[in-house]
There are 2 protein chains.
Amino acid sequence: MSEISKEYIELIPNLFKNFQRLNQKSSCLTHLQNQILEFLFMNQQPLTIKQISEALNVPKQQMTDLIKRLMDQGYITKSQNRVDKRSFVIELTEQGKFSQQEKWTKIYQNFINDLTKLNHEEQLDLRYALHKVNYLLKKMEES
Amino acid sequence: MSEISKEYIELIPNLFKNFQRLNQKSSCLTHLQNQILEFLFMNQQPLTIKQISEALNVPKQQMTDLIKRLMDQGYITKSQNRVDKRSFVIELTEQGKFSQQEKWTKIYQNFINDLTKLNHEEQLDLRYALHKVNYLLKKMEES
DNA sequence: TAATATAGTAATAAATTATATACCAAATTC
DNA sequence: GAATTTGGTATATAATTTATTACTATATTA
């Protein structure tokens, strides 16, 4: 039990550098704006302001302005929620998606580059192990 | 080649929730203070102000104050670098380490909890796969 | 239907973070 | 040894983020 956990915990520092890269603000976005776009991108689906607010621990009062600025800059759209007329649904625009994908591209290229330090057999091993980890972590999350 | 990368990239969202948890500020620390402690904790070794500044993309002018406040609050120590008398070496105090470990404890408990959703065989698989991934990722980083 | 809870907005002050410029002392280069 | 670079500090200003309180309109509940 604790052996698995140890390995899991260790995994995080191993990916830390790349996460740092995600945090880096892309030119014209503030830290929080970036967090919001990132969160939308990760979730791959429209979210309400409240959902974002709670997940990121940003008070809803702040969200109003943040959302407005992101909208003005063309990163997201905001439309009424048909189910609940009080709330709004936030979605990434193409530009918004692109701004996030850019960061991933850098991570991707970095990884490809480092990969050459492994021989062919190790590469196959890594691929299989990553696949297994992803599969099982996902399974764990599905409560 | 691109198959491995795909799995690698996918790994990051799978760990995202826990990373979010790391970002959450613990009571009396500001966002940047937290980032600095986290970075020191991850690196497991003393760093100069410049190293932190560059890695976190925080201008050195800000560092002076940030470091001072962290020192005043007892999270870090600052001592002259013997090799280069212009620079200083920053280290986590016990309190500083503890403040970071707390967050990991939560991640750990969360993981242990989710683990019950896998059967025994899957747990063994996960452990082995995680071990493999960690081993190979580390090997890749050692240039 | 009246009372209450919820999603979001508005506005303001205080704290944090970002940007720019100038400075000192030790290190490096010529 | 003089000139230049580098690690860090000091200071002022602007932008962002946090915190507080009050408000509107829709949902929910009794």
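A, B, ... follow the sequence lines: proteins, then strands. Residue 1 opens every chain.
Nearest-nucleotide positions on DNA chain D place B:T64 closer to the 5' end than the other of A:N81 and B:T64. Checking A:K60 against A:Q33, the closest nucleotide of DNA chain D that is more toward the 5' end is the one next to A:Q33.
Using a 4.0 Å cut-off, no side-chain N or O of A:T30 falls inside it from OP1 or OP2 of D:dA15.
Of all heavy-atom pairs spanning A:Q73 and A:C28, the tightest one is OE1-O, 3.7 Å.
Judged by distance alone, with hydrogens and angles left aside, A:Q61 brings no side-chain donor or acceptor close enough to the base of D:dA19 to form a pair under 3.5 Å.
Residue B:E121 qualifies as open at atom CD: its count of foreign heavy atoms under 6.0 Å is 12 or below. Within 6.0 Å of CZ on A:F39 lie more than 12 heavy atoms contributed by other residues, nucleotides or ligands.
For the segment residues 41-53 of chain A, the set of residues with a heavy atom within less than 4.0 Å of an atom of DNA chain C comprises A:T48, A:I49, A:K50, in numerical order.
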Could you go through the side-chain contact (heavy atoms from CB on, under 4.5 Å) check for B:M140 and A:E122 one step at a time? CA-CA 10 Å; B:M140 277 172 63; A:E122 286 170 332; over 6 Å; no
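Using the six-membered ring where Trp is involved, A:Y8 and B:F111 have ring planes that are parallel, under 30° apart on the 30 and 60° scheme.
No hydrogens or angles considered: nothing links the side chains of A:K97 and A:Q100 as a donor-acceptor pair under 3.5 Å. B:N134 and A:E7 share a side-chain donor-acceptor pair at under 3.5 Å.
Across the protein-nucleic acid pair, A:I36 atom CD1 and D:dT16 atom P stand 13 Å apart, rounded to whole Å. Here the P atom of nucleotide C:dT17 and the CG atom of B:L56 are 12 Å apart, to the nearest Å.
Residue A:S87 is classed as a sugar-phosphate contact, given heavy-atom separations below 4.0 Å to backbone atoms only. At a threshold of 4.0 angstrom between heavy atoms, the contacts of A:K78 are confined to the sugar-phosphate backbone, with no base atom among them.
Applying the salt bridge (Lys or Arg N to Asp or Glu O under 4.0 Å) rule to pairs touching residues 69-92 of chain B yields B:D84-B:R86, sequence neighbours excluded.
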Under 3.5 Å, which N/O atoms of the protein pair with N/O atoms of nucleotides 27-30 of chain C?
| residue | atom | partner | partner atom | Å |
| --- | --- | --- | --- | --- |
| C:dA27 | OP1 | B:K85 | N | 2.9 |

